[in-house]
Amino acid sequence: MDAQTYTEGLAELRTLRDDIKKTTAALARLEAQRDKTVTALAAHDKAKAERIAPAAGLGIADVVALAPQLAPQDMDTTVPAAGAVEPAQSAVQPAAPAPDAPSPPAPPQQPADPATPRELPSLPQDTDTDRWFTPTSGLASQYPNFVQQPHPAVFLDAATGILVHRDHTVRLDLGDRSAAALLTAVFHAVPDTIRRIYITAGAPWHRDADRYPYLRDAVAAWLNAPTPGWRVDTGRGRDRMAGHFVHARNPVARYQRTNGDHHVEIRSVGEWFDLETTDHPGIVRDAFRLLWEELRRHFPDAVILGSPSQTGRDLWTRTIPRRGKHADGFPVLSEELRGLLHATAGQGRNELLTPPSVPEQLPALIEYDRTFAYAKHTWKSPVGAPRRVTGKAFASWPAKQQHDALYGCGHWHIRVTVPNGWNHVGLLPAPGDRAWNYPAAPGTTFTTWAGGPEVHTALTNPLTPWKVEILDGILWEAGKPLDEWSKKLKDTWTNLSAQAHFQGDAQQSRAAHLASRAVRSILLYGIGSFAQRPRMVTGTTPRSMERDVPPDAEIVGFDDDLITWQKPTGFARDPNAHPEWAAAIWSAARAALLTQYHRDDDTHAGALHTPPGTVVAFRTDALYLTQPQHWPYHHRPGDYLLKGHLSGPVNAPTSEEELLTLRDTGRQSNAPEEA
């Protein structure tokens with residue numbers, strides 16, 4: 001093949017690619033319209049799945065999945081409900097604080113099919129593992145040598161057009177609520193010094209959600225629509241990030257003036273806290289003002305950045321010691337160990353136990369939520385270069401050394417066996433097809449990775465010790481890299497919570513409460529940011545410069561002028577990448593859902609201190625039970641707060657959607673003080 005033929009072939013591929021993209025988009029729109037029509041027809045009192053199915057080109061089961069009321073009497077009706085198969089609906093369900101949180105696994109009394117679990121990576125078998133256990137050269141977390149610059153912000157209700165800038169409030173005409181319309185309206189009302197627009201309500205990126213089969217597609221289309229006078233931000237400068245971030249609920253739009261150096265972000269305050277429909281943008285402004293004032297009491301150079309994770313990590317860097325043992329900074333693990341931790345250290349435990357593990361009719365559904373939970377587990381973290389502990393070496397240690405290692409800062413490759421006679425919830429995570437599950441059937445054996453707190457809990461739990469065989473492990477020295485940062489955030493949270501409780505003015509009380517929730521997000525998502533999981537960045541390239549599209553990018557859209565693409569950020573040389581810290585905190589939090597000692601009250605709390613069969617679900621830092629507990633609550637991080645109580649009988653939830661619906665009803669019935 002000569003060069004000319006090769007060039008012509010590339011041109012043909014580009015044409016085919018464009019045609020495929022257009023056809024796929026058209027097909028998705030038609031399928032979405034078909035499904036809506038099926039659902040509408042199903043409302044007719046004489047509608048039958050047997051007639052609708054051939055007209056729609058679907059099978060009867062597919063029609064029943066969209067409209068369960070059409071299920072024939074002789075048909076097995078255990079098909080998924082329409083909400084479970086409609087992508088646009090499943091995309092808007094609340095998610096856990098971190099992006100990779102696992103979805104609810106199968107009931108624990110039904111072990112996963114051994115053919116389906118994914119295979120977890122392991123340490124190399126050869127003896128030369130220096131490369132894995134040697135920190136990345138020239139990369140360490142150190143105290144920053146620059147002053148963080150504030151980014152002035154405004155607060156906009158995209159539903160009503162109310163905009164709050166400093167102490168001024170105006171109402172804008174937002175037109176079609178496109179990004180272009182928002183930018184035009186806002187900067188007719190405020191100066192170009194504004195660098196951030198927080199959307200408090202209205203979610204303009206959802207305006208065309210009905211036109212797309214997936215909510216994320218609607219968001220991407222909104223972000224990448226033409227914005228005359230603006231282009232996608234290229235990310236120049238220390239504090240600027242490049243490209244849009246596509247997220248179903250909390251996207252980030254980043255723009256730069258076509259002619260000039262004016263950069264601006266459009267973000268959702270949903271990253272910081274949940275708002276009520278009655279919250280005025282002025283209350284949100286007051287919440288951010290209170291947050292900044294309280295943070296400044298503990299962090300003299302505090303600046304609120306665009307997101308809680310960015311803010312949390314920036315504040316942490318300003319607590320890095322400049323003298324003493326870690327004056328040279330905290331080293332970053334090798335890329336190999338970071339990859340291993342990403343693959344083997346899950347985040348929050350999310351598990352729904354369904355009948356027969358729980359009764360078909362629950363006597364009640366009671367929610368206990370651990371207040372500011374992750375702040376409880378930051379007092380000890382792994383530091384320095386780790387060392388490998390082989391199974392043979394661990395077995396040769398005396399019992400006290402083994403105990404100290406498991407109670408210390410480690411990540412362990414283990415073989416687990418559930419003891420005979422076990423009749424409670426699972427204790428250790430096992431790899432499922434895509435998520436983590438928690439086997440609990442007696443005699444089940446599985447191989448997994450787990451943090452020291454969970455392994456220690458399995459061996460010392462108050463019911464029956466589990467059999468755990470150490471196959472391999474990673475062990476660090478214990479240190480306190482997060483302790484000062486966490487204590488300052490906890491003090492900030494305590495002060496704001498007190499203001500919310502004692503403030504006489506209702507609006508200022510609400511603002512203080514929102515500010516306290518923002519502190520929780522700073523710590524929660526700040527911890528998640530240490531994990532540095534790869535994320536997707538979206539960008540655009542002019543059609544005339546198609547060769548400049550990054551070679552590892554996926555093209556997700558195009559028009560006559562621009563190509564829109566996305567690519568993973570991958571493992572950058574980030575001096576603040578510490579997945580070992582996030583993994584240790586997540587492991588400790590999962591262990592505390594099982595058992596937690598309250599020293600002042602000399603009592604325990606957690607799932608293992610409830611009768612068998614009374615645990616309905618775990619959800620990150622919350623437990624759902626069928627019986628009330630008398631656990632102490634002193635408004636301290638980690639305490640179990642009674643947050644919702646729904647009296648029975650209650651049908652046992654069989655899906656996350658049903659659980660969340662019951663949760664919301666229980667919270668309204670209980671109306672406790674929020675954590």
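Quick caveat, the model's predicted, so the values are computed rather than measured.
- For the residue pair Thr136 and Ser334, no side-chain donor N or O sits within less than 3.5 Å of a side-chain acceptor on the partner.
- Within the model, atoms OG of Ser141 and CG of Asp574 stand 7.5 Å from one another, a figure rounded to the nearest 0.5 Å.
- Shown here are the side-chain hydrogen bond (donor to acceptor under 3.5 Å, both in side chains) partners of Lys400, two or more places apart in sequence or in another chain: Asp404.
- Using a cutoff of 4.0 Å between basic side-chain nitrogens and carboxylate oxygens, Arg619 and Glu656 are scored as salt-bridged.
- In terms of modelled atom types and a separation under 3.5 Å, the side chain of Thr460 and the main chain of His456 share a donor-acceptor contact.
- Rounded to the nearest 0.5 Å, atoms CG (Leu482) and NE2 (His578) are 9.0 Å apart.
- Applying the side chain to side chain contact (heavy atoms under 4.5 Å, CB included) test to Ser655 and every residue at least two apart in sequence or in another chain returns Glu657, Glu658.
- By the side chain to side chain contact (heavy atoms under 4.5 Å, CB included) test, Ala458 is found to be paired with Leu427, Leu428, Trp466, Val468, residues two or more places apart in sequence or in another chain being considered.
- Contacts classified as salt bridge (Lys or Arg N to Asp or Glu O under 4.0 Å) and involving residues 372-384 (residues at least two apart or in different chains) are not found.
- Residues Ser486 and Thr378 have side chains that bring a donor and an acceptor to within less than 3.5 angstrom of each other.
- Rounding to the nearest 0.5 Å places OG1 of Thr445 at 7.5 Å from NZ of Lys467.
- Taken to the nearest 0.5 Å, the CG atom of Leu489 stands 6.5 Å off from the CG atom of Leu315.
- Here the options are Phe299, Trp581, Tyr143, the test is ring pair (Phe, Tyr, Trp, His ring centres under 6.0 Å), and the partner is Trp316; only Trp581 passes.
- The residue from Arg388, Arg387, Lys392 that alone fulfils the salt bridge (charged side-chain N to carboxylate O under 4.0 Å, His left out) condition with Asp472 is Arg388.
- Across every non-hydrogen atom of Leu341 and Ala583, the tightest pair is CD2-CB, 4.4 Å.
- Ion pairing between a basic and an acidic side chain is recognised when a charged N comes within 4.0 Å of a carboxylate O; Arg195 and Glu265 show no such pairing.
- Evaluation of the salt bridge (Lys or Arg N to Asp or Glu O under 4.0 Å) test over residues 435-459, restricted to residues two or more places apart or in two chains, returns Glu454-Arg590.
- Thr311 pairs by the side-chain hydrogen bond (donor to acceptor under 3.5 Å, both in side chains) definition with nothing, not counting sequence neighbours.
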Donor-acceptor contacts, no H, no angles, side chain residues 407-416, under 3.5 Å, sequence neighbours left out:
| residue | atom | partner | partner atom | Å |
| --- | --- | --- | --- | --- |
| His411 | NE2 | Thr344 | OG1 | 2.9 |
| Arg415 | NH1 | Glu469 | OE1 | 2.7 |
| Arg415 | NH1 | Glu469 | OE2 | 3.4 |

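- Partners of Thr595 by side-chain hydrogen bond (donor to acceptor under 3.5 Å, both in side chains), not counting sequence neighbours, listed by chain and number: His609.
- A donor and an acceptor atom, one from each side chain of Arg322 and Gln142, are nowhere located under 3.5 Å apart.
- Proximity of a side-chain donor or acceptor of Gln402 to a complementary backbone N or O of Phe394 within less than 3.5 Å is detected.
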Handout entry: Step-by-step side chain to side chain contact (heavy atoms under 4.5 Å, CB included) determination, Ile470 to Leu406
Key = CA-CA 10 Å; Ile470 302 295; Leu406 293 177; 4.1 Å; yes

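- Side-chain atoms of Asp314 do not come within 3.5 Å of backbone N or O of Gln310 as any donor-acceptor pair.
- Contacts of Asp483 classified as salt bridge (charged side-chain N to carboxylate O under 4.0 Å, His left out), with partners at least two apart in sequence or in another chain: Lys487.
- Under the side-chain hydrogen bond (donor to acceptor under 3.5 Å, both in side chains) criterion, Ser268 pairs with Asn250, not counting sequence neighbours.
- Side-chain atoms of Thr134 come within 3.5 Å of backbone N or O of Asp130 as a donor-acceptor pair.
- Judged by distance alone, the side chain of Ser521 and the main-chain N or O of Arg517 form a donor-acceptor pair under 3.5 Å.
- With sequence neighbours excluded, no residue forms a ring pair (Phe, Tyr, Trp, His ring centres under 6.0 Å) with Trp379.
- Within the 3.5 Å criterion, the main-chain N or O of Ala399 finds no donor-acceptor partner in the side chain of Gln401.
- For the residue pair His244 and Arg254, no side-chain donor N or O sits within less than 3.5 Å of a side-chain acceptor on the partner.
- Ion pairing between Asp328 and Arg323 fails under the 4.0 Å rule for side-chain N and carboxylate O.
- Checked against salt bridge (charged side-chain N to carboxylate O under 4.0 Å, His left out), Lys325 has the following partners two or more places apart in sequence or in another chain: Glu477.
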